[in-house]
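Computed from heavy atoms alone, side chains included, the values below leave out hydrogens, waters and symmetry copies. Remember, it's 1-based here, ligands and their atoms both numbered in the order they're listed.
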Amino acid sequence: MSEASKLTILVIGSGGREHALVQKCLASPMAERVIAAPGNGGMASEVDCFDLAVENIEGMVALAQAQGVGLVVVGPEVPLSLGLVDALQAVGIPAYGPKKEGAQLESSKAFCKDFFARHHIPTAAYANFTEVAPALEYLESHPAPIVIKASGLAAGKGVIMAETQDKAIAAVKDMLEGGAFGDSGAEIVIEETLYGEEASIHAIVSGDSFVCLPPSQDHKRAGEGDTGLNTGGMGAYTPTSRVTAEMQAAIEEAVIKPTIAGFKADGIEFNGTLYAGLMLTDHGVKVLEYNVRFGDPETQVLLPMVSDDLVPVLLASAKGEPLPEKLNFHDGAAIVIVLAAGGYPGSYPKGEIITFPKEIANRAAIVHAGTKRDEAGTITTNGGRVLSVSSQAPSLKEAAELAYSVCDQVNFESKYLRRDIGHRELNRK
Ligand code: AMP
Ligand code: GLY
């Protein structure tokens, strides 16, 4: 690799996903230097972090220019939906992720559902509303159980699974009249309840070309047995035997390819991540939603499974250039367990000192999310999802044993984790 082709890479965000991206970039022969904004306590131990909010588009562009950045990797959806990639491209800096127009696939569920309908992509039957009266009329002909969704970004909280008609009516009124979820609830999607197991497919897209990462499954509920409140995700694993090679090929044909063709037909230039949240129903695979960034914590299991250098792939996507035909992956399985602060996703304490093991096995990694590092190097808790522990092994069972043994060696006062991550896959006959 000539010095001239080495890059300074800026990773934007502060979660476990971004720490995993920083680590993957640091491992690349193409990386001259990796920096992050705003970063977290773990990233601060490895790379220079710049304290800028992810919403600060002008500030991020100025930072990238001042640091001579050759590739920006955008972690979260908010800066994508605010047009960060458009702003970086305008000053000639390649940035991984879709521009604002493409990011609507995640930032507007109503836009996404209409996109699915227009391009015949399998999804739950639905209708979009901005007024209460027609929404209530629709509920009369489509009674509960039904799903009511705030169309805009709501950090995973804007989905109400209404088991009763009263709950459905209340959700419609809360969102459209009561200001629940603010502007994000000014438009709603009402859709059919689907039943089945959920799985995720992540594709890296560049114009007409795409490569898929292995299928994964996550655990969104806070409590064991997949009970309790929805969270950003308490753990994940890859691969899943529910998505066989045949099913993966069918998903690429029925979902990913029509989506890319749909972008072309609609005149949308889309480069970056397409993360399809799927429901595997008895009547085939249906798409629940698209995200336009990597999942968190899925990234912590997916990236370590990629045996190729990912930086040239992200750079090609950022430039809209063709991707390699396929990515290569390690054999075996990977799991990630989230260590949360007690109380998450409700209120939780901050500022607890975290202690770490001196050494961990080399197929395990501790990735930081809500942590802070002071000048003396002390790491304290600073968010709901505090850390995550990931590992790879020949089987999911061995990966889980390894990850949980590391989880037991990381401590802070209110530490909370689910002990059953991967239970569906581990218990399959
Ligand atoms: P979404 O943000 O649209 O993916 O929804 C978040 C979560 O709500 C999903 O991961 C599902 O667990 C659940 N969900 C969303 N839509 C539906 C649906 N139509 N039927 C059943 N569950 C759903
Ligand atoms: N783990 C779910 C998400 O990233 O949206």
Side-chain angles (χ1 to χ4, degrees), residues 13 15-18 20-21 74-78 80-81 105-113 115-116 122-128 142 144-163 168 171 181 184-185 188-202 213 215-222 226-238 273-283 285-303 335-338 340 345 367 369 384-385 388 390 418 421 424:
R17 163 183 52 213
E18 288 78 17
L21 282 164
V74 186
E77 61 277 17
V78 169
L80 295 171
S81 72
L105 220 48
E106 177 165 358
S107 65
S108 168
K109 288 185 191 292
F111 174 91
C112 187
K113 294 292 292 191
F115 182 93
F116 289 154
T123 190
Y126 78 104
N128 300 332
H142 299 79
I146 192 107
V147 185
I148 319 287
K149 301 183 176 186
S151 177
L153 294 177
K157 299 191 180 75
V159 175
I160 307 292
M161 312 283 296
E163 300 85 16
F181 310 109
S184 291
I188 62 170
V189 177
I190 303 185
E191 73 176 28
E192 158 200 19
T193 305
L194 298 176
Y195 299 93
E197 202 170 316
E198 289 178 53
S200 304
I201 298 290
H202 284 69
L213 297 170
S216 62
Q217 290 188 295
D218 74 338
H219 293 271
K220 291 202 176 67
R221 302 295 198 92
D226 297 312
T227 56
L229 295 174
N230 256 320
T231 70
M234 293 299 292
Y237 51 94
T238 183
T273 306
L274 258 185
Y275 156 1
L278 306 170
M279 187 71 93
L280 312 179
T281 76
D282 290 344
H283 313 286
V285 173
K286 303 212 174 175
V287 191
L288 288 175
E289 63 161 356
Y290 264 133
N291 296 313
V292 296
R293 37 81 194 169
F294 291 115
D296 188 344
E298 290 89 332
T299 305
Q300 292 91 304
V301 285
L302 294 175
L303 298 192
I335 195 165
V336 59
I337 320 293
V338 170
V367 158
R385 291 195 290 178
S388 62
S390 61
R418 276 183 59 172
I421 301 303
R424 282 186 299 263

J.: Check Arg17 against Pro76 and note the closest heavy-atom contact, atom names and distance.
T.: NH2-CA, 3.5 Å
J.: Give the protein residues with at least one non-hydrogen atom closer than 4.0 Å to an atom of ligand 2, ordered by chain and number.
T.: Asp218, Gly232, Tyr275, Asn291, Arg293, Gly295, Asp296, Pro297, Glu298
J.: Could you tell me which residues satisfy side-chain contact (heavy atoms from CB on, under 4.5 Å) with Glu197, sequence neighbours excluded, listed by chain and number?
T.: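 With sequence neighbours excluded, Glu197 shows a side-chain contact (heavy atoms from CB on, under 4.5 Å) to Gln217, Arg242, Arg424, Arg428, given in chain and number order.
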J.: So, for Ala199 and Leu280, which heavy atoms are closest and what is the spacing to 0.1 Å?
T.: CB-CD1, 4.2 Å
J.: For a distance cut-off of 3.5 Å, show me each N or O of ligand 1 paired with any protein N or O, plus the separation.
T.:
residue, atom, partner, partner atom, Å
ligand 1, 2 (O), Lys109, NZ, 3.0
ligand 1, 2 (O), Glu289, OE1, 3.0
ligand 1, 3 (O), Lys109, NZ, 3.2
ligand 1, 3 (O), Lys149, NZ, 2.8
ligand 1, 4 (O), Glu289, OE1, 3.3
ligand 1, 4 (O), Glu289, OE2, 2.9
ligand 1, 10 (O), Glu198, OE1, 2.6
ligand 1, 10 (O), Lys220, NZ, 3.3
ligand 1, 12 (O), Glu198, OE1, 3.4
ligand 1, 12 (O), Glu198, OE2, 2.4
ligand 1, 16 (N), Lys149, NZ, 3.0
ligand 1, 16 (N), Glu191, OE2, 3.3
ligand 1, 19 (N), Glu191, OE2, 2.7
ligand 1, 19 (N), Glu192, O, 2.9
ligand 1, 20 (N), Leu194, N, 2.8

J.: Considering all heavy atoms of both residues, which atom of Thr123 and which atom of Val287 are nearest to each other, and what is their separation?
T.: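 Taking Thr123 first and Val287 second, the nearest heavy atoms are OG1-O, 2.8 Å.
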J.: Among Arg221, Lys220, His219, find the residue that satisfies the side-chain hydrogen bond (donor to acceptor under 3.5 Å, both in side chains) test when tested with Asp226.
T.: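 Checked Arg221, Lys220, His219 against Asp226; only one passes side-chain hydrogen bond (donor to acceptor under 3.5 Å, both in side chains): His219.
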J.: For a quick test of reading the model, state the closest non-hydrogen atom pair linking Ser216 to Thr238 and the distance between them.
T.: CB-CB, 4.0 Å
J.: Look at the side chain of Ser151 and the backbone N and O of Lys109, then say whether any donor-acceptor pair between them is shorter than 3.5 Å.
T.: yes
J.: Relative to each other, are the rings of His202 and Phe294 parallel, tilted or perpendicular (30° and 60° limits)?
T.: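 If you compare the ring of His202 with that of Phe294, the planes turn out parallel.
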J.: Checking Ala168 now: which residues fulfil side-chain contact (heavy atoms from CB on, under 4.5 Å) with it, not counting sequence neighbours?
T.: Leu139, Ile146, Ile148, Ala162
